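Inspection log for the structure reproduced underneath, given as structure tokens.
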Amino acid sequence: MVKIKLRDEIKEFPKGIKLIEVAKEISEGLARAALVAEVDGVVTELGATVENDCEVSFLTFDDEAGKAAYRHTTSHVLAQAIKRLYPDTKLAIGPSVDDGFYYDFDFETPVSNGDFDKIEAEMKKIIKENLPLERFELPRAEAIKFMEEKGETYKVELINDLPEDAVISFYKQGEFTDLCAGPHLMSTGKLKAVKLQSATGAYWRGNEKNKMLTRIYGTSFPKKADLDEYIEMLEEARKRDHNKVGRELEIFTTVDSIGQGLPIMLPKGAKIMQILQRFVEDHEDANGWVRTKTPYMAKSDLYKISGHWDHYQDGMFVFGDEEKDKEVFALRPMTCPFQYQAYLNKMRSYRDLPIRYGETSTLFRNEASGEMHGLIRVRQFTISEGHLMCTPEQLEAEFKSCLEMAIYMLKTLGLYEDVSYRFSQWDPSDREKYIGTDEQWDEAQGTMQKILDHLEIPYKVGIGEAAFYGPKLDIQIKNVFGKEDTLITIQIDQMLAEKFGMEYVDKDGSKKNPYIIHRTSIGCYERTLALLIEKYAGAFPTWLAPTQVKILPISDNYLEYADSVKKELDKYGIRCEIDKRSEKIGYKIREAQMEKVPYMLIVGEKEMADGAVAVRSRKDGDKGSVSLDTFIADITKEIADKAR
């Protein structure tokens, strides 16, 4: 017998019992709802047997791991359907993702969205066949031979890249077998509602030097009603997609001859960026940050000191060849090595610390073309970057201050309720990715964990997500399609100060290396702008709107009065335009509404006679006629309060 802990009770079962039988012993309802189980913290399929005493919990579609197994199994059903319909297709990888799954294929015959009905029909047949998923393992040589005989060259490459001690497992369903670590559902019949969504290009292993494959995205749910609700949500997301709304409202554009990831900010977008930058810089200046202005590029020598040359060179734009050229330059992917030179300009005392350097930096990162997405991920971007040098005693208070500033920014912008926190740590098993000793990493992460726990930050841990020089707190946010990105980071670094020879003279006269906090207060401006477009569907709060007021004269007879209204608004810095076209007033109102302008001021004979304006609000509709002074007082207060 084995003892199995189930929540708050321990029960005995025969040794070798399958997990699905344990679930049935608890209740038939649980057995029907369970998708996989967690055994002593490890997720496994329900067909696995229990050989030792353990703790077990059963996971349903409401659990992330259950959802992942459900959709991972769906990706195998997609691959099986593709092999039935297009037998010459080679298989690459097919994981679950946040809202569904995808599978990468190397097709002999091109496939597009127009083929989805046929593929979905075959998937439904496989689901109806209720094929059991059977796991088995093979030694490395047999596994390679097995996949070679199937002509699955991508799978052979994956097996060859596995560690020597890796368990090489496969899952078989009917005539179809795939290389996979699992876990999976017990049978294809457990799947219900399935929908294929798109077919896009994707480089094998994300490397643009490799072959372009076809990536088919899809999703699946246990109930059709849930799938329908998700599709409806996606339709709403497409309406808010910053790529669509941002172009329609003439905020930004892209040009093929300039290149991917290099957006052009049109006047409206440039104005919003300017507003954001002034907001950030004014707040930073008021909180003890001082400005630096540093070069956009540097010789490779600088990046070799910081470690970027060894650990980040693939993400940099490099000019020259070290074997041929006397000097090799690279565009900066971050500002820290440059701002350190400002610190090194003279000797520092403990009395000088903390020193807070802020910079609105233009950065350059050589992102893969397949990773580009509107303003979310670009190759040239602007960031509210800062580096803070402090003593160990000052570290927690300064970290808290950086976090409070970020939270203030997010709350003011209306994004705070959408974020989550990730404590990004190093991965000791990937030692070449990081600088520093194990002891330094243990100290840095231990210090950061104490600070986060003391500040009661509700974080998740991200192993392998740390910067190569230190752990960080990542403030995460999702776009309208559910794709998560990092918006703001605050990092603790005790390694680069030593590498650059940054010191201060302490109270006892000894020289010490300062702690460094790397931080952004609003993150990448382009990414933040994208999220704001999606958050407000282009209807920005008045303080952020590129055009705050549209003045709409009823006819040409009132153009002169409209000009006088504009001059008065200009005195108060209110961004306004006059629609001088000889169009009907109803048409002008509809146009202003389409442009999502916060306020329309309609002026005609009565308004001119009274020195008034007829106010129409984007949010509240027709507000009637008020004196121009009253309108100015109301809107200036709204702007000053940064009201949403």
Side-chain angles (χ1 to χ4, degrees), residues 98 237 240-247 249 251-254 259-266 268-281 284 315 332-335 358-386 402 405-422 424 462 465 467 472-491 518-538 540-541 544 546:
D98 280 352
R240 289 175 171 265
D241 181 7
H242 80 276
N243 259 319
K244 175 179 180 289
V245 176
R247 294 169 200 273
L249 294 180
I251 293 171
F252 76 97
T253 189
T254 51
Q260 278 188 301
L262 299 169
I264 293 172
M265 287 295 159
L266 299 173
K268 289 181 181 178
K271 175 53 69 176
I272 299 170
M273 295 274 279
Q274 181 190 57
I275 296 163
L276 288 171
Q277 183 176 333
R278 287 176 177 173
F279 163 58
V280 169
E281 290 183 351
E284 289 179 346
R332 63 182 184 187
M334 57 278 294
T335 313
E359 184 166 336
T360 302
S361 309
T362 300
L363 303 182
F364 307 85
R365 295 186 184 174
N366 190 12
E367 302 279 7
S369 59
E371 297 296 317
M372 298 298 104
H373 176 60
L375 300 178
I376 295 280
R377 192 169 292 278
V378 291
R379 286 174 169 156
Q380 176 183 311
F381 57 95
T382 314
I383 190 168
S384 58
E385 197 165 20
C402 291
M405 181 181 293
I407 290 172
Y408 167 76
M409 299 284 179
L410 291 168
K411 285 184 174 179
T412 304
L413 293 173
L415 296 174
Y416 183 67
E417 57 265 33
D418 302 325
V419 303
S420 60
Y421 296 95
R422 183 180 71 194
S424 294
E465 299 292 342
K472 53 183 180 160
L473 176 67
D474 289 324
I475 302 180
Q476 302 291 104
I477 195 166
K478 293 181 179 180
N479 67 13
V480 287
F481 295 105
K483 169 70 169 63
E484 186 174 89
D485 281 293
T486 300
L487 183 60
I488 291 173
T489 64
I490 306 172
Q491 307 171 21
H518 305 238
R519 71 99 184 101
T520 60
S521 52
I522 203 174
C524 163
Y525 282 91
E526 288 81 358
R527 182 173 293 176
T528 300
L529 175 55
L531 293 162
L532 289 170
I533 293 170
E534 295 182 348
K535 174 77 175 182
Y536 297 109
F540 299 102
L544 267 178

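In this text the structure is predicted, and so the values were computed from the model without any measurement. Positions are given from 1 along the sequence. Note: hydrogens, waters and symmetry copies are ignored here, and every other heavy atom, side chains too, is used.
Taking the ring-ring contact (aromatic ring centres under 6.0 Å, His included) definition, one finds that Phe381 meets it with nothing, sequence neighbours left out. When the side-chain contact (heavy atoms from CB on, under 4.5 Å) test is applied to Glu281, the partners found at least two apart in sequence or on another chain are Gln277, Arg291, Thr360. Shown here are the salt bridge (charged side-chain N to carboxylate O under 4.0 Å, His left out) partners of Arg332, two or more places apart in sequence or in another chain: Glu359. Legend: residues meeting salt bridge (charged side-chain N to carboxylate O under 4.0 Å, His left out) with Glu465, ordered by chain and number and at least two apart, are Arg422. The ring-ring contact (aromatic ring centres under 6.0 Å, His included) check on Phe481 picks up nothing, with sequence neighbours excluded. Remark: Arg278 engages Gln274 in a side-chain contact (heavy atoms from CB on, under 4.5 Å) (not counting sequence neighbours). Shown here are the side-chain hydrogen bond (donor to acceptor under 3.5 Å, both in side chains) partners of Lys244, two or more places apart in sequence or in another chain: Glu248. With sequence neighbours excluded, no residue satisfies salt bridge (charged side-chain N to carboxylate O under 4.0 Å, His left out) with Arg365. Applying the side-chain hydrogen bond (donor to acceptor under 3.5 Å, both in side chains) criterion to Arg377, with sequence neighbours excluded, gives Glu367, Asp485. With sequence neighbours excluded, no residue satisfies side-chain hydrogen bond (donor to acceptor under 3.5 Å, both in side chains) with Thr528. For Asp241, there are no side-chain hydrogen bond (donor to acceptor under 3.5 Å, both in side chains) partners two or more places apart in sequence or in a different chain.
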Side-chain donor-acceptor pairs under 3.5 Å in residues 529-536, sequence neighbours left out?
{"from": "Glu534", "atom 1": "OE1", "to": "Val480", "atom 2": "N", "distance (Å)": "3.1"}
{"from": "Glu534", "atom 1": "OE2", "to": "His242", "atom 2": "N", "distance (Å)": "3.1"}
{"from": "Glu534", "atom 1": "OE2", "to": "His242", "atom 2": "ND1", "distance (Å)": "3.0"}
{"from": "Lys535", "atom 1": "NZ", "to": "Gly414", "atom 2": "O", "distance (Å)": "3.4"}
{"from": "Lys535", "atom 1": "NZ", "to": "Glu417", "atom 2": "OE2", "distance (Å)": "3.2"}
{"from": "Lys535", "atom 1": "NZ", "to": "Asp418", "atom 2": "OD2", "distance (Å)": "3.0"}
{"from": "Tyr536", "atom 1": "OH", "to": "Leu413", "atom 2": "O", "distance (Å)": "2.6"}

